[in-house]
Amino acid sequence: MLDWYDVHRRVLPWRAAAGATADPYRVWLSEVMLQQTTVAAVTPRFLAWTARWPDFASLAAADDADVMAAWAGLGYYARARNLVAAAKAVVAEHGGVFPGTEAELRALPGLGAYTAAAVAAIAFGQRAVVVDANVERVVARLFAIATPLPAARPAIRAAADTITPDLRAGDFAQAMMDLGSGICTTRAPKCLLCPLRDACAGFAGGAPELLPVKAKKGVKPQRHGTIFWLDRGGQVLLVRRPDTGLLGGMRALPTGPWVDAAPGFEDAPAQADWRMLDIRVSHGFTHFDLDLSLAVAEVEAHQPSTESTEWWPIDRLDTAGLPTVFAKAALAVKGAIRRAA
DNA sequence: AACGCGTGGGT
DNA sequence: TACCCAAGCGT
């Protein structure tokens, strides 16, 4: 694997040159951004983020709202909140120096078993067993582990442990991920290009693409809701969502409750002459689909804001850092208003 | 130990 | 189109 990696390794912005030491801050940030998120989506965001907050100290001192806005569109927003919390902990509890052991890393917010192992191995050269979805797939095929996930996890981890080297464990982990990403892919693995082919029990068995076995997913529930668009002379009312739960801590358009049937004007952010637009916006989250009605109204100039609300210039809404579902809704409302004019 | 938690890309 | 999926974590 290491020989293969030395030839085929991907060049990525958070990776050190071959043989060089990676910057722990950049390794950590990239690992968190890459949680359940593709390299293609992460790359531009990583470059912008590191230009703005290049180290732990700058991130620990960053304004919370700026950080959340900078994360907008990447999803799983608890990651951004945990990044700041971890940076503050590094400054306050570790003298600004990132701890180098897997156990200490694991104790920081947002670093679970995978990320702590990956950072320990990649940034600190320690032997750690790094198991992500790529490694699960490669190992399940290599050892022909047919137990369905997630029950297979202990066996997969034990098998990964047996092939993890004492030296260059970080390169080994990245090699497994590059292999999983480009060769040992989910749908149609390119076994003829694989350096592990001769050792692969899954290949020998004739159907490596069927591994690992996964349970089928249930049906996603369909929910309905209302998004409120309140215009105050070219500004729109935004709220800050509660820190916990869906889209926690993010700037957002006001919403009503998410319900099973057709929604109404419940939880409108102000007394106003609300009317529903003739269009809908649909958005899929991980665990439910949302069908959104759009309620619009206008208020006079003196309409106040509160601690958790602010008026935002409509023509600069792209700078507000809205999660995708609200950016989508805003685009739809602006389009409808333009057509009506 | 399930489940809540986003989004964009691939097929 | 309607899925499935991606360098998971916290509770």
Side-chain angles (χ1 to χ4, degrees), chain A residues 9-10 12-15 22 26-46 68 71-83 85-86 105-123 128-138 149-151 153-154 157 160 170-182 184-188 209 212 214-223 241-250 252 258 282-290 321-328:
Chain A
R9 67 201 297 272
R10 284 179 291 179
L12 299 169
W14 45 87
R15 281 187 179 169
R26 293 165 66 86
V27 171
W28 164 64
L29 175 63
S30 70
E31 289 300 341
V32 173
M33 283 189 168
L34 287 161
Q35 289 166 8
Q36 302 287 284
T37 311
T38 59
V39 167
V42 165
T43 297
R45 310 298 292 263
F46 176 86
M68 298 312 287
W71 197 272
L74 267 180
Y76 288 146
Y77 296 97
R79 293 184 291 173
R81 189 157 299 289
N82 285 333
L83 278 178
L105 291 164
R106 182 72 178 79
L108 291 169
L111 283 91
Y114 163 76
T115 305
V119 173
I122 296 169
V129 182
V130 181
V131 183
D132 72 322
N134 286 303
V135 176
E136 278 183 356
R137 187 168 59 253
V138 173
L149 289 172
R153 294 238 157 86
R157 191 201 148 76
D171 282 350
F172 177 77
Q174 293 177 95
M176 292 288 277
M177 292 190 266
D178 282 7
L179 189 75
S181 166
C184 197
T185 53
T186 307
R187 295 273 194 339
E209 71 278 4
K214 295 185 179 181
K216 269 192 189 170
K217 310 219 164 168
V219 180
K220 269 202 235 181
Q222 176 77 53
R223 293 188 183 148
R241 294 179 60 85
D243 281 339
T244 57
L246 189 69
L247 310 173
M250 297 299 289
W258 290 340
S282 57
H283 187 76
F285 292 107
T286 308
H287 48 303
F288 66 94
D289 289 320
L290 198 51
L322 295 178
T324 298
V325 59
F326 298 114
K328 212 189 274 187

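Lettering follows sequence order; numbering is per chain, from 1.
Proximity of a side-chain donor or acceptor of R79(A) to a complementary backbone N or O of V32(A) within less than 3.5 Å is detected. Looking only at distances, no side-chain donor or acceptor of R153(A) sits under 3.5 Å from a matching main-chain atom of E136(A). At least one donor-acceptor pair under 3.5 Å links the side chain of R137(A) to the backbone N or O of G180(A). Between the T37(A) side chain and the Q35(A) main chain, a donor and an acceptor come within less than 3.5 Å of each other. Looking at R106(A), its side chain does come within 3.5 Å of a backbone N or O of L111(A) through a donor-acceptor pair. A donor-acceptor pair is defined here as one N or O able to donate and one able to accept, closer than 3.5 Å; no such pair exists between the side chain of T185(A) and the backbone of G182(A).
Atom-to-atom, NZ of K217(A) to C1' of dC3(C) comes out at 10 Å; the value is rounded to the nearest Å. F288(A) has its CZ atom 19 Å from the P atom of dA2(C), to the nearest Å. Atom CG of L74(A) is separated from atom C1' of dA6(C) by 13 Å (rounded to the nearest Å). Remark: C1' of dT7(B) and CE of M33(A) are 14 Å apart, rounded to the nearest angstrom. The CE-P distance, from M176(A) to dA6(C), rounds to 15 Å in whole Å. A straight line from CG of D132(A) to C1' of dC9(C) spans 14 Å, rounded to a whole angstrom. Put simply, CH2 on W28(A) is 16 Å from C1' on dG8(C), counting in whole angstrom units. Rounded to a whole Å, the NZ atom of K220(A) is 14 Å from the C1' atom of dT1(C).
For L246(A), whose side chain is taken as the heavy atoms from C-beta onward, the closest listed nucleotide among dG6(B), dG8(C), dG10(C) is dG6(B).
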task = In sequence, state the C-alpha distance, the side-chain angles, and the governing distance for W14(A) and T43(A), and then conclude on side-chain contact (heavy atoms from CB on, under 4.5 Å).
result = CA-CA 9 Å; W14(A) 45 87; T43(A) 297; 3.9 Å; yes
query = Can M177(A) and D132(A) be said to form a side-chain contact (heavy atoms from CB on, under 4.5 Å), step by step?
reply = CA-CA 8 Å; M177(A) 292 190 266; D132(A) 72 322; 3.6 Å; yes
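Contact annotation for L12(A): base contact, defined as any heavy-atom pair under 4.0 Å involving a base atom. In this structure, L247(A) reaches the sugar-phosphate backbone alone: every heavy-atom distance under 4.0 Å involves primed, P, OP1 or OP2 atoms, never a base. At a threshold of 4.0 angstrom between heavy atoms, the contacts of W71(A) with the nucleic acid are absent.
Counting atom types as modelled, T286(A) pairs no side-chain N or O with a base atom of dG4(B) as donor and acceptor under 3.5 Å.
Residues H287(A) and P150(A) both approach DNA chain B. Their nearest nucleotides, taken by heavy-atom distance, put P150(A) toward the 5′ side. DNA chain C is contacted by both A133(A) and L108(A); A133(A) maps to the nucleotide lying nearer its 5′ end (nearest heavy atom per residue).
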inquiry  = Counting Watson-Crick and G-U wobble pairs with both distances under 3.5 Å, what is the dot-bracket string for DNA chain C, 5' to 3', using [ ] for crossing pairs and | for pairs to another strand?
reply    = .|||||.||||
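At dA6(C), one or more side-chain N or O atoms of T186(A) fall inside 4.0 Å of OP1 or OP2 (strictly under the cut-off). Not one side-chain nitrogen or oxygen of Y76(A) sits closer than 4.0 Å to the OP1 or OP2 atom of dG4(B). A sub-4.0 Å separation between OP1 or OP2 of dA6(C) and a side-chain N or O of R137(A) is present.
Judged purely by distance below 3.5 Å, without hydrogens or angles, the side chains of Y114(A) and E31(A) pair a donor atom with an acceptor atom.
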Just the table, please: protein N/O against nucleotides 8-11 of chain B N/O, every pair under 3.5 Å.
residue : atom : partner : partner atom : Å
dG8(B)  : OP1  : T324(A) : OG1          : 3.3

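Residues from residues 109-119 of chain A placing a heavy atom under 4.0 Å of any atom in DNA chain C, listed by number, are P109(A), G110(A), L111(A), G112(A), A113(A), Y114(A), T115(A).
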